[in-house]
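Heads up: the structure comes next, in structure tokens.
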Amino acid sequence: MKMPESNFDVSVNLTVGSTDQASTIDVLIVGLPDQDSLPPSLGELDRLGGSWLTRLVESGQLRGNRGELTTLGVPTDTGPKMLLVVGLGESELSRLDAFELTAAAIRSLLDRPRGRVEVRFADEVATEHHDAMVAGALTACEGQALYRSEPSLKLPTEIAFPNLSQEQLDRGRVIGESINQARRMVNEPPAVLYPASFAKTVINLFADSETSVEVWDENRLADEGCRAILAVGSGSARPPRLVIMSHLCGGDEPPIVLVGKGVTFDSGGLSLKPSDAMIDMKCDMAGAATVVGVMHALSCLGIQRNVIGLCGLAENMVSGTSYKLGDVIKTRSGKTIEILNTDAEGRVVLADTLDVAKAFQPRAIIDLATLTGACMVALGRDVVGAMTNNTDLLKQIESAAAGEGELIWELPMFRHYDDQVKSKVADIKNIGDGRWGGAITAAKFLENFVDELPWVHLDIAGPAFADQPKPHRDAGATGVMVRTLLRWIES
Ligand code: BES
Ligand code: MN
Ligand code: ZN
């Protein structure tokens, strides 16, 4: 089957520096703090229209509530054609504010073609967060409508950041593109993105870089004893893969290994999901896509660290060759697992993938997975569930997440839960006793495959994929945790 190709070229022309000719600016984006008078920085624009901005602010028509956007036509031919006023609020802008305000401002302009757009409120943002403005602008330009004949987001010909350094612009571009890379892979339909095509995408992505990519096909997976990954993929016409990305720029230090769940489509297998629950299951490879996004950023930024990225890729389907309830699988590690629900497939894929991670003798393993609906029941749609065998390591991840404004919350890993994954037939079973505490029992299962190595499990089932748009981004894939992990690795 030949699939249509998505028009996924988000090449926005990003520049630093200003122009002397204001009239060549289509939209000038300025910031307005939440106060009763016009800030002096807007004085020149104010004079263009005979104190029009002062009048609007003093009459309360133009407000600086954080996130409020007001578009104004400029009533003279010497200034920019349009003004977009971004409410900055009262307090200092965080890194997340810088990201989301810029994104929301740019996104509000994509309904029609624009020429040069200038983002002029960087002086209100701490210099260290300037890169987040650029990253936000780029993520605004990527949406889920990859297959609309008429692009729904009309990208401006140029987005200029007058008061940014070239370094911050370049860094922001890399971060934005890395987030978008992860989002794009998640947003692609499952007939386009399946284990082999995911692997191919990664090979192409790192073709001209220092990052080396190794792909294990089904034969290699069999040779390596990855029977758990093969079992999950056994019902599919699309065979599984394991992708290993190596970014080794950190000398002799032991590596960090990032592990992603890459179930390119989760039908539930013989424990078939109802349509309502299956509808978004192309997103079940978001963990793997996040790992690709982070590795991309490390590579482009030349980060001096040793990091390995592993993606365990399989399609969970229904057929005469599907793995079954009651099956017992001997995993790569030698531990046996009893399958009692084929829809608890992510942990089965991760069992082997984590075992491959262990072979690198890492100083830390972080796994990312759209693992359980139970995690969404516990924490809602927007918060990542974090579970660990090493509190210190989790503290580091939490502090990186706080710096980026990404929301994560720890769930407990009491020994109390251990019994729930014990099997009567095999070493462990792939579901807990009933659905209570399902995010934790899933993590308890995974814990069996990391031994004593420092490990954090991030359940991104809720925040990886949004059913509603936000002012700063489209619905669909979000790229959650790319920023947090990059920050943690750099720290
Ligand atoms: N991929 C799903 C989890 C999921 C649900 C991700 C909703 C994103 C949104 C996972 O493979 C799954 O099906 N988990 C089951 C586990 C259960 C059978 C123990 C679940 O959460 O219901
Ligand atoms: Mn499932
Ligand atoms: Zn799944």
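Positions are given from 1 along the sequence. For ligands, and for the atoms within them, numbers begin at 1 and follow the listed sequence.
- When only interatomic distances are considered, the shortest N/O to N/O separation between Ala461 and ligand 1 does not fall below 3.5 Å.
- Ranked by closest heavy atom to atom 19 (C) of ligand 1, the top entry among Ile431, Thr441, Thr372, Ile460 is Ile431.
- Here the straight-line distance linking atom CZ of Arg184 with atom CD of Glu142 works out to 4.0 Å at 0.5 Å rounding.
- Glu490 pairs in a salt bridge (Lys or Arg N to Asp or Glu O under 4.0 Å) with only one of the listed residues (Arg483, Arg305, Arg171), which is Arg171.
- Protein heavy atom closest to atom 14 (N) of ligand 1, with residue, atom name and distance, is Leu371 O, 3.4 Å.
- Set against the non-hydrogen atoms of Arg347, the atoms of ligand 1 under 4.0 Å away are 16 (C), 19 (C).
- Between Arg220 and Glu214 there is a salt bridge, since at least one side-chain N of the basic residue sits less than 4.0 Å from a carboxylate O of the acidic one.
- Ionic pairing of Glu404 and Arg487 is present here: one or more N-O contacts between side-chain nitrogen and carboxylate oxygen are shorter than 4.0 angstrom.
- For atom 11 (O) of ligand 1, the nearest protein heavy atom lies under 4.0 Å away.
- Residue Asn341 has no nitrogen or oxygen atom sitting less than 3.5 Å from a nitrogen or oxygen atom of ligand 1, judged on distance alone.
- Each of the following atoms of ligand 1 lies closer than 4.0 Å to a heavy atom of Met376: 7 (C), 9 (C).
- Taking 4.0 Å as the cut-off between side-chain N and carboxylate O, Asp280 and Lys273 do not count as a salt-bridged pair.
- Taking distances strictly below 2.8 Å, the protein N/O/S atoms close to the Zn ion (ligand 3) are Lys261 NZ, Asp266 OD2, Asp284 OD2, Glu345 OE2.
- Taking the six-membered ring where tryptophan is involved, the planes of Phe449 and Phe445 are tilted, since the angle between them lies from 30° to 60°.
- Counting only protein atoms, the N, O or S atoms lying less than 2.8 Å from the Mn ion (ligand 2) are Asp266 OD2, Asp343 O, Asp343 OD1, Glu345 OE1, ordered by chain and residue number.
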